[in-house]
Amino acid sequence: MEWTVWAGFAAGLLISMVTAPVGVSGAVFLLPVQLSVLGVPSPAVTPTNLLFNVVAGPGALWRYRRDGALRGTLARRLAAWTLPGVITGAVIRVFALPGPGVFRILVAAFLLPLGVWLCLRTLRPARRRPGAAEPSARMLAALALTVGVVGGIYGIGGGSLLGPLLAARGMPMARIAPATLAATFTTSVAGAAAYAVLATASSGPVAPDWWLGLACGAGGLIGGYLGARLQPHLPETSLRLLLGTLAGALGAVYAAQALT
C-alpha cells in the first residue's frame with residue numbers, strides 16, 4: 001500500500017511537469033501506469049484518474065492565471081459542452097465497457113493514433129495564422145461534446161484530444177493550454193461525481209482508489225505548477241515529439257497485450 005502511494009505521487013509529479021506546458025493534465029499517460037504498475041482494477045481506474053485531475057489541475061491553472069494566460073471565452077465554451085459528454089461517458093464506461101480486455105483495446109485505439117498524430121503535426125505543422133479564428137460555435141460544441149464522452153470513458157478529462165485538435169487550426173499553444181486544462185478540471189469534477197453516484201448502482205469496483213488518486217493528484221499539483229511556470233522556456237517542438245512518442249509507445253504496448 002505504502003509503496004504504491006509514493007509511486008503514484010512520483011508518477012503524477014513527473015508526468016504533469018512534462019504535459020502541463022502543452023495543455024494536457026497527464027492523466028492520459030498516468031492511466032496505463034495505474035493499470036499495469038499500480039494494479040488499480042477496471043473500471044475503478046477511470047474515476048481514480050479523474051480524481052487525479054481534480055487534485056492536480058489547480059496547480060497549473062493557478063500559475064497560468066497568475067501569468068495572465070487564463071482569460072477569454074474559449075475555456076468557458078469548452079467546459080460547457082464537455083460537461084454533459086463526460087457524464088454520458090461515465091455511464092457508458094460502467095454499464096457497457098467494464099471488462100479489462102475491452103478497456104485495453106480502447107486504450108490502444110486511443111493512444112496509438114494520438115501519438116502518431118502528435119508527431120506528424122509536430123514535424124509538419126499546420127500553417128499558423130496571426131489571430132487564427134476559433135472553430136464556429138456549432139463545430140466547437142460538437143467537438144467538445146464528443147471529446148467529453150471519450151474523456152468520461154477513458155478518465156482523461158479530454159484535454160489531450162482538444163489540445164491537438166485546436167492546435168491543428170493554427171491556434172497558439174499559449175492560448176490553448178490554459179483553456180484545455182481548465183476544461184479538463186471542470187469535466188473531471190463532474191466525472192468523478194458521476195462515478196461516485198454510479199458506484200451505488202453497480203456491484204463492481206466503480207469507486208475510485210481514494211488514497212492513490214489523492215497521492216497521484218498531489219504529485220500532479222506540484223508538477224503541473226512547475227510545468228506551467230517553465231512553459232515559456234521550453235521548446236514546444238521537443239515537448240510535442242516527446243508526448244507523441246510516449247503516447248504511441250503506450251498504445252503499441254496495449255495493442256500487443258490485447259492481441260495476446
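What you are looking at is a predicted structure, and each value in this text was computed from that prediction instead of being measured. Side chains included, hydrogens not; waters and symmetry mates left out as well; all remaining heavy atoms used.
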For residues 7-17, please give each side-chain donor-acceptor pair under 3.5 Å, one per line with the distance, not counting sequence neighbours.
| from | atom 1 | to | atom 2 | distance (Å) |
| --- | --- | --- | --- | --- |
| Ser16 | OG | Gly12 | O | 3.0 |
| Ser16 | OG | Ser25 | O | 3.4 |

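Taken to the nearest 0.5 Å, the CG atom of Asn49 stands 4.5 Å off from the CD atom of Gln34. Rounding to the nearest 0.5 Å places CG of Leu145 at 11.0 Å from CG of Leu140. One distance of note links CG of Asp209 with CZ of Phe52; it measures 14.5 Å at 0.5 Å rounding. Separating the CD1 atom in Ile87 from the CD1 atom in Ile92 is a distance of 12.5 Å, to the nearest 0.5 Å. Atom CH2 of Trp81 and atom OG1 of Thr187 lie 15.0 Å apart (nearest 0.5 Å). How far CZ of Phe29 is from OG1 of Thr19: 7.0 Å, rounded to the nearest 0.5 Å.
By the side-chain contact (heavy atoms from CB on, under 4.5 Å) test, Val91 is found to be paired with Phe95, Leu198, residues two or more places apart in sequence or in another chain being considered. Ser36 pairs by the side chain to side chain donor-acceptor pair (under 3.5 Å) definition with Tyr254, not counting sequence neighbours. Residues passing the side chain to side chain donor-acceptor pair (under 3.5 Å) test with Arg229: none are found, sequence neighbours excluded. For the side-chain contact (heavy atoms from CB on, under 4.5 Å) test, no residue two or more places apart in sequence or in another chain qualifies with Thr146.
Side-chain atoms of Thr180 never come within 3.5 Å of backbone atoms of Leu162 as a donor-acceptor pair (strictly under, hydrogens ignored). The closest donor-acceptor contact from the side chain of Ser188 to the backbone of Val54 lies at 3.5 Å or more, if one exists at all.
Each of Trp211 and Val55 belongs to its own hydrophobic cluster when Ile, Leu, Val, Met, Phe, Trp and Tyr are linked at side-chain heavy-atom distances under 4.5 angstrom. Linking ILVMFWY side-chain heavy atoms closer than 4.5 Å, directly or via other members, places Val40 and Leu214 in two distinct hydrophobic clusters. Side-chain heavy atoms closer than 4.5 Å link hydrophobic residues (I, L, V, M, F, W, Y) into clusters, and following such links, possibly through other members, connects Trp62 to Leu226. Under a hydrophobic clustering in which Ile, Leu, Val, Met, Phe, Trp and Tyr are joined whenever their side-chain heavy atoms come within less than 4.5 Å, directly or via other members, Leu230 and Leu221 fall into different clusters.
Contact between Thr245 and Cys119 at its shortest, heavy atoms only, is N-SG, 3.7 Å. Closest approach of Leu181 to Ala20, counting heavy atoms only: CD1-O, 3.8 Å.
Leu83 forms part of no hydrophobic cluster, judged by ILVMFWY side-chain heavy-atom separations under 4.5 Å.
When Leu78, Thr73, Leu74 are each tested for a side chain to side chain contact (heavy atoms under 4.5 Å, CB included) with Arg76, only one passes: Thr73.
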